Structures are given as C-alpha cells and as structure tokens.
Amino acid sequence: MSDAPASEATRDYSDTLFLPKTDFPMRAGLPKQEPGWIRSWTDLDLYHALRKESAGREKFILHDGPPYANGHIHIGTALNKILKDFVVRSHQMLGYDANYVPGWDCHGLPIEWKVEENFRAEGRSKDAIPVNEFRRECREFAQKWLAVQKAEFQRLGVVGDFDDPYLTMSYPAEAGIARELMKFATSDQLYRGSKPVMWSVVERTALAEAEVEYHDYQSDTVLVAFKIANIDTKAINALRDGPSEPGTEEDEKVLTDLLEARVVIWTTTPWTLPGNRAISYGPGISYGVYEVTAAPAENWAKPGDRFLLADSLAEEVFKEARVEAYERRDDVPTSVLAGVTAHHPLAGRGYEFTVPLLPGDHVTDDAGTGFVHTAPGHGVEDFEVWMENKRDLEAAGIDPTIPYTVGADGKYTKDAPGFEGLSVITDEGKKGEANKAVIDALTEAGALIGRGRLKHQYPHSWRSKKPVIFRNTPQWFIAMDKDLGDGSTLRSRALNAIDRTQFVPASGQNRLRGMIEHRPDWVVSRQRAWGVPITVFVNKNTGEILKDEAVNARIGAAFEAEGADAWFEEGAAARFLGEAYDPAVWEKVDDILDVWFDSGSTHAFCLEQRPDLKWPADVYLEGSDQHRGWFHSSLLESCGTRGRAPYDAVITHGFTMAEDGRKMSKSLGNTIAPQNIIDQYGADILRLWVASQDYTDDQRIGKEILKGVADAYRKLRNSIRWMLGTLAHDSGETPGFATMPELERLMLHRLAVLDGEVREAYRRYDYGHVAHTLMNFANVELSAFYFDIRKDALYCDAPSSPRRHAALFTVRTLFDALVTWLAPLLPFTMEESWAARGHERSINFALFATIDPAWRDDALAEKWEKVRRVRRVVTGALEVERREKRIRGSLEAHPVVTIADPALLAVVEGVDFADVVITSAVTLVAGEPDPAAFALPEVPGVSAAVHHAEGTRCARSWRYTSDVGSDPRYPDLSARDAAAMAEIDGAAAA
RNA sequence: GGGCCUGUAGCUCAGGUGGUUAGAGCGUACGCCUGAUAAGCGUAAGGUCGAUGGUUCGAGUCCAUCCAGGCCCA
C-alpha cells in the first residue's frame, strides 16, 4: 500500500488476464460423485455401446476367473477386478474390441454348508431334504450373492457384460461342464479308482478337511513286528558294496542278522493293520539291527529277538516293549532297506501277501520306531507313497489294488479276513470292537511286542463331534500319464502348453510347470449334492464306462433345458439310457464333479460358446494361488479335450498385506475393506493404489499408504484443473509445428516419447510404470516447469499472440494425451475431466490421443536439457537472494549468468531465458564463472549473480521493464501489456 | 520341512551384461508467492541398498548361509 502512488489509483487489471477459469472442483468428492458417473454409464448402456462402437476391431479377450458367489468382496477381490479393468480398458483404448464378460463360480461346498446351516436352523436335517430341493436352495443362495458382488464390482468402475455374465450354475453351463466331462470319459481319460477320504460313520458321509475339528482322543497304541520275507540281490549288492570291504564276513553276518530280524512299527490305529500293505522308512534316517539280551519272563519281546529300528528311537521302543537290556549288532543302510520285503503280521490268517519297504519323506525319527505302517486305504500319506511306487510294485509282482477293508457303516468288509462285520466306529460314534480283535490276533500271531494308550489330537466331525476315520472309497480320476493315442499324455500336453504361454511375471511359468510335473492323477469326484454330476453309467458287472453318443446327447440336451437337476429326477437313469441299455445293468454315478472341473471348463462353455468372444483367450489374470487352482484346472481340462491351453498369456498378482507387510487377519484387526476405502476416498483412489503398486509382488495397504495415494491424486487433479481453467480461453487455433516456440516443441516432443512409452507399458500390463511416469511428468515437467514458465504468456499475452496460441495448442494436446492415458486407471476422474472440457461423449469411447510421431526431436530435447541445467544455477541463486531478503518474487530479479563454454552460451542465448527462469530480465555473459557469484558443483563453468530488476513494475504482468508507460493510454503498463490491453479494450469497444 | 517369490530413503517405485559421492515422485521441514490459493514455486534433510560371510582391483548388482515376509504344498 505504501508503495502505491497516493494520487492515482492504479487500475486493477486482474479481470483483463486470461486466468484459469473452471468449475472443475479442486476437491473431487469422489465418494459422492462416482455413483453419478456409474448411473450415466448405465443410462447410455455403456457396455453394449462399446461393443457397437468397436465392432469389427480385432478382439482382445481377458477371460474372467470366476469368484465364488459367497459373501462380500474383499480387498483382494477388488484388486483383482481393478487389474482386470485396467487390462480391458487399456486395450479398448489401444484400439481393440476388448470384451469382458464377468463370471461366477456357483457350485461347491461352502454354499452347501451355508444352506445346510439354514435348514438346520429350521430344524431340518440335510438327509431328510430331497436332493433337488436342496439344490434349489443352493442355487438361490448363489444367485443372491452374485447379485451383491455384481453391484460391488460395478462400484469399482469395472466395465463388462454385467447383464449377461457367465455362471457355472446356468443351465447351458451345467450342460457344457457335463459335456466336457463326457469327453474325458469317451476318450478313456476318466477312470474309477479309489482313495482314502475322511469319513464320518455317524453321518455316513465323506468330509473335507475344513469340516473336521481336532479334539483330544484316547487311542490304543501298538508296537508290531513284521518278519522279513526276502532281501533282493540288489539290496545284497548294495550291502556288499557298502562301507566295509566287499563280501567280507561282516557283510554276511549283517545279512544273516537281517533275515532273522523283524521290522518294528508303531501305530495309534491298530484297526488299520488289516489294510497294511507296506512299511515306509525315512531315506535320511540311520537304522540298525538290535538284539534283546534281557527281558521279563512273560514279556512279548524275548531275549534273542532281533529288531530293525531307527537308532535314535531304539531306547524308547525297548522301554515301551519292557525290554531290560539290548545290544546293537549292525548298521543297516537305507540302500539295503529298499530291497527288503516283509510278511504281513497276520500272514497265515488270510494276509498272505508281500509287504514291501518303501522310502517316504513323511517318515521322521522323532517318534515311533522310524518305520511307518502303511495302509494305503487309511491315510493320505500312505496312499501317496503307495501310488508313487505303483509301477515298481506291479513290476515286482505285487498287486497295487487298494483294499476296501472298512465299509460306509464303519464295519470290516470281506477285504479284512477274520474281522468281517466288526465295527471300527459304531453308529453312535463310539469305538467298536475292531481294535481289540486286531490286537488279540496280533498277540496270538506273536507279532505284538508292546501296547499302550495315547491321548492326542484326533479329527472329529464338526457336526456330530464324533471321531472320523480314513476309509478307502471309490473315486473318479483323470489320468495324467495315459497315452492319448498320439504318443502324448495329458501331462506332456500340459507341459508343452506351458512352454508356449507367456507369463507375467515370468516366474509363474516355473511354478506352474513344477506343479504339473509332479501332480498325481486328478481326482474329480466329490460325494456332494451341489454341483454338476459325473454323468456316466458304469456296467455293474464289468466296471466298464458306457460310451454312447446318443446317451450323452440326451444328457446334454436335458441339462441345457432343465439344468443338472435332471440327473437326480425320478427315472433319470432309464430316461438317459433309453431303449438300448438296461438300468438294472448300468449304474448311474451320483458323484458330483469337483468345482475345479467346473471352473476349468469356463473356457469351453463361455469363451467357445459365446459368439462375441474367442477361444483361446488372450489372457487369464488371477492371484498367484491360482497356479494350483484355475490356471491349473483350465490347462488340464483344455489340454485333455483340445490339446492346448485356453490362454496365450497368464498374469498373476500377489496378495494384499497390511501396512506392516503381514497378512491381514480379523483377529489382528488389521483388515481393510474395499467398501470403507470407497466410502472414505472413492474408487479412483483405490484404483490409483492398485496402479501405483507392483502388483506382481505382494502389496501393502493401510492408512498411511492410502493417504499418500490420495495426496498424489490431489496433486495430479490440480494440474488437470489448471489445464481446464487455462483452456477455458482456448480459441482452438492450430499453429504450424515449425512456427511454434521451442518450449512448445519441447513439450510436444515429450508427448511423442511418452506416447510410445505409455502404450508399450500398457501392452506389457505394467500399470505401475504408466502411473509413475505420468505423475512424474505432470509434476516435474508440467506443473513445475512448463506451466510455471508459460503462465506469463497465457495470462498476459494479447489474444492474437502467436506465442499464446502455441501454448494453448500445447496445453490442449497435453490435456488430451494425459487424460486419455490415465482413463483406464482413473475412469471416474478422467470422465469428469473430459466432460469439463466440453465433451458430450463419454471418454469411454475415446482411444488414446493421437500424437504425431514427427514431433519427436531428440536434438531439441538434448539442447533443452542443457538449458535446464543452467536454469538450475539461476533458481539456486534466486533462492539465496530470497533468503537474504533482497528479493521476494523471482520477477524482482535480474540474474547475470556467466557461462564459460561458448557452445553452452550460444544454446542459452538462443532461447527466451528470462522467461525460462521467470525473471524480468536476464543478462548472459561469456567468461569464467564469477567466484563471488552462485554456482553449482554439478554445473561447472556456470555462475549466476542476481541484481534487482531495473525499470518499473508493470501493473498487469508484474514484470519490471524499461518500457512501462511507453503507451500513454496505459501509463502503468509495459509495452507488451499495453498492446494486449489495446486489443482487449478494442474488442470490447467494437 | 519342500517348491516358487519378495526384502533399496517415512510412503510408492527406478536402478540392462558388477565400475565415479545410490536416483525419482510423494510426504516432511524451512522459505517464497498470493493472478492454479484448503493451490503454485523453490531449497533442504532423509538410505550401514534385510543380515553375515565369500568371489573380485571393485557388489545394491554374482555366490553361500541366515533373518523377516508371502503364495502353494507337506
């Protein structure tokens, strides 16, 4: 005020400036605004309008991995869907027809449980409900939740065919899944085998791991000795080539000792011994032959008895067997054990078979005897060891068939000679007489050397709370290693397909390959109600699977029209078998397909069946857990039926952790729901969080991180806002590129470079790169450099100024590029920006901005890199002046810049350097740097001394110039501003 | 316990084939502006590159071991 001339009040020129003018708010209010944009997209039927718009373009298909229709979405689901939307939107804007059809996984156990629970609440038991009534309830349950999730996905901004998604429970899908299964049946890849499952005798049902809980339980324990039957020549040779001299007396002694010794096992389930078929040993454990030297008179283990035991467990075993003294006689290397076979302890009582010793990594030497009794029908590990050795067993003349020793009623079958009809577990869930009978028989056979009781954790049914047992049951398998007639197997085809698939990140390839290499045959049957049945008939006499195209066609047609419920209707068997087959001979299988087979078939009933999609998909995208899940089952299904993978590329993302990098858990209270983030910040903030992370690794989320994302968003939003405000004054001129100032050409060059970079990053699904690059660009090159410099020209230049027109053209172009590039990541905000720019048509229909590749000018960029280095010296010098309070704003300054390198001097002289450093004037001097002036070590040969700007301050532009008042009409303005005012006032007068 | 993966400033990320004082943006502190104003500009602080050993003239980058964390198995 004190500086202002008291006599004449200077005119306020503010409203003669072209200041930014926009209604685009600084604060987005995303939680409130976003639903409005979703409504507008619904109103214009965006999904179908996009299909129409892009009809005829090359298709790009991301095939959706179906989430389970059960419960609200969580942060991981949100991440997954947002990433998919990035893929789809970016490819749409790259010029493809990127058609996304969401899907849902609807069958399966968790829904069955919920429905069962609901029935129980009404006092009805599952067994009392007709199967199709139960299935109807499950269908409704899934329908309800998929509707909820559908709304939640759309709230995230995801575009796709939400009016017509695919559902694994739709009738055509159920028909499609059954048809796929029948392909496996007719091509002989499907076979009936058996496998131990957890079984509740009380409920007469198989249980999944999630359906059991562990409680204390008292078990009988036994130490049982198996007589050695034979030691093969290979084992003998192994021994003779061992540590001692070949063929020494020592070796012969060991052999003799071994043949007389017995292998000791320890078990808590004596009732499984009739099912014993092998003994497992640990390949890394050291074993020895021990001889009892003293024991009580009536003891089971007597002096002179020899036992084979793990060395670290011998002492404990002998204590348990009440042996008073013993001695160790020999080392027994595990290479020898590999060739040893034993007799079953009940040999002579109907158990006349060879019991091989098998290596097993599950065997430890911290409890038991170091040998594990192996009953393949009664334990998962037992089963696996047995199956791994199946080929060798057959070669050795051992029947690999797994006996069904216990029936559904918990009683021994004829496969357990001598015990038939005895109960393991009674209908009431109590211990039956099986254990006692087996123990008595063992004692009688002289095989028992110790017994006891043990309290331990044992699985119980979570419904009845009664103990469960492992029991061999018939199951359906898809063979991994069967020759499919062309020399290939399902495994070899799948491995081949993996080699031809692109993985993002690349490590996914190894991970999937490792799993396929080692996986056992695929068990596809479940003893369940809610799913697609295994639609095959089996000959009751021969076990042969019916292969009849007409029967299969009837099944497919019925499912198409009525759903898979048709399989469970009265008279279904006769209906499908038709005239040609007798339902009395052909058994209808009532097992349900594993849900992984359902989702593994989506490529068939969705991709292949929908005319608007294509097979194979360009890409599948899921969490890294799906290497074992959907990527895996889809690969096997497709390789078994079509010989290749249903995808060309597989993208995986990691898991979302809490802020400290640990797993989120309800008990730790560090979970964060997408709904809360949307309510507090908006979906675009959640999306920007996804975009700014490396999704291929695990991500973190939490308060601080979200705050950081919101900050970054705000900064970006303000730059967009400034462009919108500036462009309010844009009259749309398109100056020739060559006529534009270098600064504009520099920015256009940057766009040309970024154009390639952004498109390339989108093509490799690298959203982090897009987000970081563009935000960096907006902050460093636009907000802090280009915009800052050009404010003077944009605000003050005359309406006709070519410099102003060039700047407006450039801002306009920058805006179009930036907004379209960011649209896949921030669809709400970019739609809002687009609309604020006056576009009537949604940005969803736009492609990435067209950038003229001719704008690229690397020489110019290199030149300006030098200019900016000198600029840094000047801004540094200005900072010192500010600190010393000699200047306030940079327009008060007049730097004198001394440059030693003549070439560099010429470069700087060639640009409007005062504009570039935003000072009123600048003087460039050739010569060595002034030691008294400001310099930067990283910019040698350049110094800057800052003087106060001379002249008078222009009341309009605030620049100090010597020509203020040169136009008498505007005594307080510089010549440039006076001319601008004359133009403005003239226009106003006209 | 096994397979695959990750660990660089407070936060999010860059750092081809090992080579000068490890970079960016955001945030923070301080200053400026008050014509992008619950904004804009500038300056500065901030890292034993998870740890330890090794290879090498030289390692964030290669090797080994360990620690922490994740997914999938057991």
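Computed from a predicted structure; not experimentally measured.
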So that I know where these two stand, are A/His653 and A/Tyr695 an aromatic pair - ring centroids less than 6.0 Å apart? no

Close N/O contacts between protein and nucleotides 10-12 of chain B (under 3.5 Å):
{"residue": "B/G10", "atom": "O2'", "partner": "A/Glu704", "partner atom": "OE2", "Å": "2.7"}
{"residue": "B/C11", "atom": "O4'", "partner": "A/Glu704", "partner atom": "OE2", "Å": "3.3"}
{"residue": "B/U12", "atom": "O2'", "partner": "A/Ser692", "partner atom": "O", "Å": "2.4"}
{"residue": "B/U12", "atom": "O2'", "partner": "A/His772", "partner atom": "NE2", "Å": "3.3"}

My understanding is that a pair needs two contacts under 3.5 Å, Watson-Crick or G-U wobble. By that rule, which nucleotide pairs with B/C71? B/G3

Whole-angstrom distance between B/U28 and B/A9, as gauged at atom C1': 12 Å

Determine, stepwise, if the pair A/Thr829 / A/Asp684 fulfils side-chain hydrogen bond (donor to acceptor under 3.5 Å, both in side chains). CA-CA 7 Å; A/Thr829 303; A/Asp684 264 359; 2.6 Å; yes

Between A/Thr374 and A/Asp382, does any side-chain donor sit less than 3.5 Å from a side-chain acceptor? no

I'd like to know whether the aromatic ring centres of A/Phe383 and A/His378 sit less than 6.0 Å apart in this structure. no

With nearest nucleotides of RNA chain B determined for A/Met775 and A/Gly514 from heavy-atom distances, which residue corresponds to the more 5′ nucleotide? A/Gly514

Assess, by modelled atom type and distance only, whether the side chains of A/Arg519 and A/His632 contain a donor and an acceptor separated by less than 3.5 Å. yes

What does B/A36 pair with, Watson-Crick or G-U, if both distances are under 3.5 Å? none

Looking only at atom C1', what distance separates B/U56 and B/C13, rounded to whole Å? 30 Å

Under the 6.0 Å and 45° cation-pi test, does A/Arg750 pair with A/Phe777? no

Protein-nucleotides 34-36 of chain B N/O pairs under 3.5 Å:
{"residue": "B/G35", "atom": "N7", "partner": "A/Ser14", "partner atom": "OG", "Å": "3.0"}
{"residue": "B/G35", "atom": "O6", "partner": "A/Trp958", "partner atom": "NE1", "Å": "3.2"}
{"residue": "B/G35", "atom": "N1", "partner": "A/Arg956", "partner atom": "O", "Å": "2.6"}
{"residue": "B/G35", "atom": "N2", "partner": "A/Arg956", "partner atom": "O", "Å": "3.2"}
{"residue": "B/A36", "atom": "OP2", "partner": "A/Tyr795", "partner atom": "OH", "Å": "2.9"}
{"residue": "B/A36", "atom": "N7", "partner": "A/Lys791", "partner atom": "NZ", "Å": "2.8"}
{"residue": "B/A36", "atom": "N6", "partner": "A/Ser783", "partner atom": "OG", "Å": "2.8"}
{"residue": "B/A36", "atom": "N3", "partner": "A/Asn718", "partner atom": "O", "Å": "3.4"}

By the Watson-Crick or G-U definition, both distances under 3.5 Å, B/G19 is matched with B/C57

Residues A/Arg869, A/Glu865; criterion salt bridge (charged side-chain N to carboxylate O under 4.0 Å, His left out); working and verdict: CA-CA 6 Å; A/Arg869 285 177 54 200; A/Glu865 205 35 65; over 6 Å; no

Answer for the Watson-Crick or wobble partner of B/G42, both distances under 3.5 Å, is B/C30

Centre of A/Phe785's six-membered ring, under 6.0 Å away, within 45 degrees of the axis: is that where NZ or CZ of A/Arg790 sits? no

Regarding the side chain of A/Glu879, the nearest nucleotide among B/G42, B/C26, B/A39 is B/G42

Do we see a donor-acceptor contact under 3.5 Å between the side chains of A/Glu622 and A/Asn80? yes

